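Here the structure comes first, spelled out in structure tokens, and everything after it is commentary.
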Amino acid sequence: MSGLIRLLDFKDVSDKRGTLVALEGERNIPFAIKRVYYMVDVPPGETRGFHAHRKLQQVAVCLNGSCKMVLDDGKTRESVVLDSPTKGLVIGDLVWREMSEFTAGAVLMVLASEPYDEADYIRDHDEFLTIVRS
Ligand code: T46
């Protein structure tokens, strides 16, 4: 596993009724959770992301189906396929992210350490490179 791709393995509790996974801030999620959002109905071939955050910790979990996440810290670019509700990808500050290859019915849920704030986004890759290299 690379330095950029940090995956959390969540315990699942399975019985004949199915599987349950519990996520708790500051326990199996490494921050207090202030926001949860999710993406559904992403059309075939569509891409999302293409930005970084100044100060935001997130964990992304693909609850159904799969998608590809590319992370870029300005030095290296690495990718991972999220395809399990028991795997969480940790995405820290100042990491550019790109999401693609959503399968039909994919549900990507993201837990975030801060409320939504458009001012926290860096949506220009050249500006991102200037910030991380300074
Ligand atoms: C991220 C990746 C993984 C809100 O109003 N509240 C929210 O909490 C979020 C996340 C978004 N929005 C609005 C802002 C835009 O008008 O929803 C619209 C779509 O957001 P955006 O184009 O930023 O979505 P993605 O999928 O490109 O990126 C999202 C998150 O925004 C981002 O923080 O890390 O998922």
Side-chain angles (χ1 to χ4, degrees):
M1 190 70 49
S2 74
L4 259 180
I5 305 296
R6 184 177 157 216
L7 287 171
L8 305 175
D9 266 320
F10 304 127
K11 180 173 172 241
D12 54 334
V13 186
S14 295
D15 60 32
K16 65 180 192 275
R17 299 168 299 166
T19 298
L20 182 149
V21 178
L23 306 180
E24 292 186 49
E26 298 180 300
R27 296 191 81 170
N28 59 351
I29 299 297
F31 48 79
I33 300 163
K34 293 213 179 128
R35 179 166 52 112
V36 178
Y37 60 92
Y38 40 86
M39 280 147 250
V40 297
D41 294 337
V42 179
E46 192 55 84
T47 58
R48 304 191 64 111
F50 294 84
H51 57 254
H53 285 277
R54 297 170 200 280
K55 196 170 184 324
L56 183 68
Q57 304 295 310
Q58 298 195 108
V59 171
V61 186
C62 197
L63 297 180
N64 190 57
S66 68
C67 69
K68 180 177 163 187
M69 181 83 78
V70 172
L71 299 184
D72 166 2
D73 64 2
K75 288 189 240 111
T76 51
R77 265 171 80 83
E78 289 169 12
S79 69
V80 62
V81 172
L82 297 179
D83 58 1
S84 166
T86 65
K87 272 192 227 159
L89 176 67
V90 180
I91 312 172
D93 302 339
L94 295 178
V95 173
W96 187 264
R97 79 284 323 261
E98 299 171 5
M99 293 99 81
S100 62
E101 298 178 24
F102 287 80
T103 57
V107 178
L108 180 64
M109 178 184 74
V110 183
L111 311 178
S113 65
E114 302 297 335
Y116 175 68
D117 177 9
E118 184 58 37
D120 188 63
Y121 284 72
I122 306 165
R123 292 192 183 271
D124 180 87
H125 195 259
D126 287 337
E127 183 191 357
F128 165 71
L129 291 178
T130 303
I131 292 169
V132 293
R133 289 173 183 173
S134 65

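Hydrogens, waters and symmetry mates are skipped; everything else that's a heavy atom, side chains included, is used. If you're wondering where the values come from, they're calculated on a predicted model, not measured in any experiment.
Under the side chain to side chain contact (heavy atoms under 4.5 Å, CB included) test applied with Arg6, the options Val80, Leu71, Val90 reduce to a single match, Val90.
When the side chains of ILVMFWY residues are joined at heavy-atom separations under 4.5 Å, either directly or via intervening members, Val70 and Trp96 end up in two distinct hydrophobic clusters. Taken together through direct or relayed side-chain contacts under 4.5 Å among Ile, Leu, Val, Met, Phe, Trp and Tyr, Val110 and Tyr38 form parts of separate hydrophobic clusters. Grouping the Ile, Leu, Val, Met, Phe, Trp and Tyr side chains by contacts below 4.5 angstrom, directly or via other members, places Val95 apart from Val132. In the hydrophobic cluster analysis, where Ile, Leu, Val, Met, Phe, Trp and Tyr join through side-chain heavy atoms closer than 4.5 angstrom, Val107 is grouped together with Ile33. Taking hydrophobic clusters as Ile, Leu, Val, Met, Phe, Trp and Tyr residues chained together by side-chain heavy-atom distances below 4.5 Å, Val13 does not share a cluster with Phe10.
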Criterion side-chain contact (heavy atoms from CB on, under 4.5 Å) on Lys68 and Met99, from CA distance to verdict: CA-CA 6 Å; Lys68 180 177 163 187; Met99 293 99 81; over 6 Å; no

Kindly indicate, with the supporting measurements, whether the criterion side-chain contact (heavy atoms from CB on, under 4.5 Å) is fulfilled by Ser113 and Leu56. CA-CA 6 Å; Ser113 65; Leu56 183 68; 3.8 Å; yes

Test Asp73 against Leu94 for side-chain contact (heavy atoms from CB on, under 4.5 Å), laying out the working first. CA-CA 7 Å; Asp73 64 2; Leu94 295 178; over 6 Å; no

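Atoms NE2 and CZ, from His51 and Arg123 in turn, are 5.5 Å apart once rounded to the nearest 0.5 Å.
Contact detail for Ala106 and Ser66: the closest heavy-atom pair is CB-O, 3.7 Å. Across all their heavy atoms, Glu114 and Arg35 have their closest contact at O-NE, 2.9 Å.
A salt bridge links Glu127 with Arg54: the closest approach of a Lys/Arg side-chain nitrogen to an acidic carboxylate oxygen falls below 4.0 angstrom.
Looking only at distances, a side-chain donor or acceptor of Asn64 sits under 3.5 Å from a matching main-chain atom of Gly105. Put simply, the side chain of Asp12 never gets that close to the backbone of Leu20: no donor and acceptor are under 3.5 Å apart. Between the Thr47 side chain and the Ser100 main chain, no donor and acceptor come within less than 3.5 Å of each other.
A 6.0 Å sphere centred on CG of Asp41 holds no more than 12 heavy atoms belonging to other residues, nucleotides or ligands. Taking a 6.0 Å sphere around CZ of Phe50, one finds it holds more than 12 heavy atoms contributed by other residues, nucleotides or ligands.
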